[in-house]
Amino acid sequence: MSDQIPTTTPAAETMTGAAGAEAAVEVRGLNKQFQTASGVVHALEGIDLTVEAGEFVSLIGPSGCGKSTLMRLIADLDVPTSGELTVFGKTATQARLDQDYGIAFQQAGLLPWRTVAANVALPLELHGVASAARRTRVADLLEMVGLTEFADRFPDQLSGGMQQRVAIARSLAEQPRLLLMDEPFGALDEMTREKMQTDLVRIAADTGAAVVFVTHSIPEAVFLSDRVVVMSPRPGRISDIIPMRLDAADGREERDDDLREASSFFEMVTEVREALHGGASDAENPAPRAARGVDTR
Amino acid sequence: MTTNTTANAIIGAGTGATRTKGWSPRTESILRVVAPVTLGIIVLAIWQFLVTVGGVSDYLLPSPTSIMAELVAYWPAVVSATVLTGTNSLLGLLVGSLLGIVLAAVAARWRIADQMSAPIIAALAVVPIVALAPVLNSMFGADSQFGRQAIAAIASFVPIFINTLRGFRQTRPVHRDLMKAYAASSGQMLRSLTLPTARPFILTGIRIASSLAVISALVAEYFGGPRGGLGSLIATSAASSAYSRAWAYVGASIALGLLFYLATLALERLVLRRVPTGGSR
Ligand SMILES: Nc1ncnc2c1ncn2[C@@H]1O[C@H](COP(=O)(O)OP(=O)(O)O)[C@@H](O)[C@H]1O
Ligand SMILES: [Mg+2]
């Protein structure tokens with residue numbers, strides 16, 4: 001387990017394994033095809049990506065470009081058609097069995113017959129954590145996502161955003177070295193969303209976890225990430241990988257709300273935006289407009 | 001309190017009550033009890049009137065008072081018959097529930113088991129189970145209650161198996177992904193996801209089966225076997241033209257069936273009120 005937090009942008013796309021800890025995720029020539037009634041869908045083609053330990057990487061791109069599929073392959077919820085995929089140097093299956101990652105889906109996916117606290121406790125329970133330890137851990141997690149008073153409620157008594165926060169607390173329960181998050185903030189209102197973003201940056205920095213974060217929102221990707229992976233659809237490919245150079249915040253722990261108004265932030269938003277749109281249609285779009293929260297939905 | 005609304009909806013559905021505008025919930029819940037009781041009293045009054053004043057022969061249709069008199073006169077026999085038939089029904093219901101749930105779990109887990117059992121279940125669902133009564137009675141001897149219990153068990157097995165299997169198939173993909181991501185064992189999967197998801201379906205199956213268990217245990221007694229249950233006493237009373245006594249036993253059968261139904265309905269509502277079953281995204 002590495003507690004090291006990279007303070008500079010990690011070297012992109014090269015196999016640097018020797019210097020520091022093992023890469024969290026290593027993907028080489030990955031392909032995924034789905035056989036459907038109407039033919040073969042090329043969900044992912046020729047994906048190469050390295051996520052270093054402790055690195056925060058966002059996947060961004062239009063719907064159907066294979067972001068969720070890539071995340072599911074890393075989580076071993078689906079198997080690649082071809083190509084190599086390792087998680088902390090092991091096969092994805094081994095990493096899943098070793099519980100090397102925590103995961104949050106786009107849907108909160110809470111068990112409706114369990115209280116909020118029992119939902120957060122689920123992974124701890126499944127992995128045999130003693131009940132006293134479980135209780136303190138759950139209390140800490142609920143405090144972190146600001147849901148302490150809702151511990152004994154059932155999910156159907158919570159708003160969509162609150163349910164999502166429970167799911168995020170659950171994904172953090174075992175302090176995983178790798179966090180996989182598929183549009184976890186999609187259901188949140190803008191204010192909660194910004195707070196959760198700030199919290200997530202802090203949590204990732206505190207625990208030294210690597211994060212693979214799927215999002216539709218450019219500002220969100222820029223704010224959170226060390227690198228932003230831009231994808232394009234049919235077939236799903238990586239079209240660009242952009243390291244975030246945010247002078248205002250060299251270390252991630254310094255990413256706070258001031259950053260959202262820094263000029264380097266707007267520059268990065270523009271860069272991702274242009275990469276996403278193939279650099280074309282942006283002549284009449286100055287950066288400030290992008291900063292107001294343009295996304296591709 | 002969303003759960004209470006659900007509970008009320010269930011009562012409403014159960015008694016077929018409809019909400020009429022203008023009544024307060026309190027009035028409505030009083031009416032829900034008072035209305036059917038009133039109707040029952042009116043029907044009994046008309047019945048009594050027809051028999052005593054209207055000239056319908058007491059032999060053809062015994063009056064409520066004469067049935068009541070028989071009920072009091074034969075009270076110990078009525079009680080022991082109800083206990084006997086009730087025990088057969090209860091044993092059948094318990095065994096049928098256990099079998100239904102376990103076999104549904106097997107069928108949900110292994111496709112091949114599902115495919116093999118499908119035709120048998122379909123056959124059991126359409127064949128009147130009591131048709132087996134004479135066969136089972138002679139197989140297990142004239143002084144054994146086993147045949148009746150077996151029939152009650154088979155009859156209750158069918159709806160429980162079908163409902164439970166449907167319930168087991170309701171797990172949502174996101175929940176299955178979650179359990180897989182946590183590397184849950186198949187036992188943990190069953191305990192933490194599949195069974196709780198199926199819980200409302202299992203309870204509905206048991207409620208449906210409870211009436212079937214009583215009916216089939218009772219009807220099975222018409223086809224021989226040891227005497228002393230409600231079914232055989234109805235049959236012998238009617239055969240010896242003791243119609244009032246036969247009706248007294250019929251009344252006890254109705255009470256027994258209602259008891260089973262209400263007990264399982266209460267169980268269903270109690271469990272579902274404690275733990276919500278849906279509403280999460
Ligand atoms: N289980 C599946 N079966 C068939 N096609 C699928 C399946 N999962 C995803 N796809 C297809 O793969 C492509 C990528 O999907 P997805 O990874 O969900 O995209 P994204 O998350 O970027 O919106 C889409 O065209 C989608 O229809
Ligand atoms: Mg997706």
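Reckoned from all heavy atoms, side chains included, excluding hydrogens, waters and symmetry mates. First the proteins, then the strands, lettered A, B, ... as listed; each starts at 1.
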Just how far is it from atom CG of B:Leu272 to atom CH2 of A:Trp113, taken to the nearest 0.5 Å? 12.5 Å
Can you find a heavy atom in the side chain of B:His175 that is under 4.5 Å from one in the side chain of A:Pro112? yes
Of all heavy-atom pairs between B:Ser192 and A:Leu111, which one has the smallest distance, and what is that distance? O-CD1, 3.8 Å
Kindly compute the distance separating NZ (B:Lys180) from CG (A:Leu97), expressed to the nearest 0.5 Å. 9.5 Å
Select one option (side chain, backbone, both, neither) describing which atoms of A:Leu180 are under 4.5 Å from chain B's heavy atoms. neither
Who among A:Arg170, A:Glu174, A:Gln106 has the most heavy-atom pairs with chain B under 4.5 Å? A:Arg170
Residues A:Gln99 and B:Ala181: closest non-hydrogen pair is NE2-O, 2.9 Å
Should we say atom CD of A:Gln94 is surrounded by more than 12 heavy atoms from elsewhere, each under 6.0 Å from it? yes
Listed by residue number, which members of residues 70-93 of chain A have a heavy atom under 4.5 Å from any heavy atom of chain B? A:Arg72, A:Asp76, A:Leu77
Between B:Arg172 (side chain) and A:Gly109 (backbone), is there a donor-acceptor pair under 3.5 Å? no
For chain A, which candidate among B:Asp177, B:Val174, B:Thr197, B:Leu193 shows the most heavy-atom pairs at distances under 4.5 Å? B:Asp177
Quick check: under 4.5 Å, non-hydrogen atoms only, which of residues 124-131 of chain A neighbour chain B? A:Leu126, A:His127
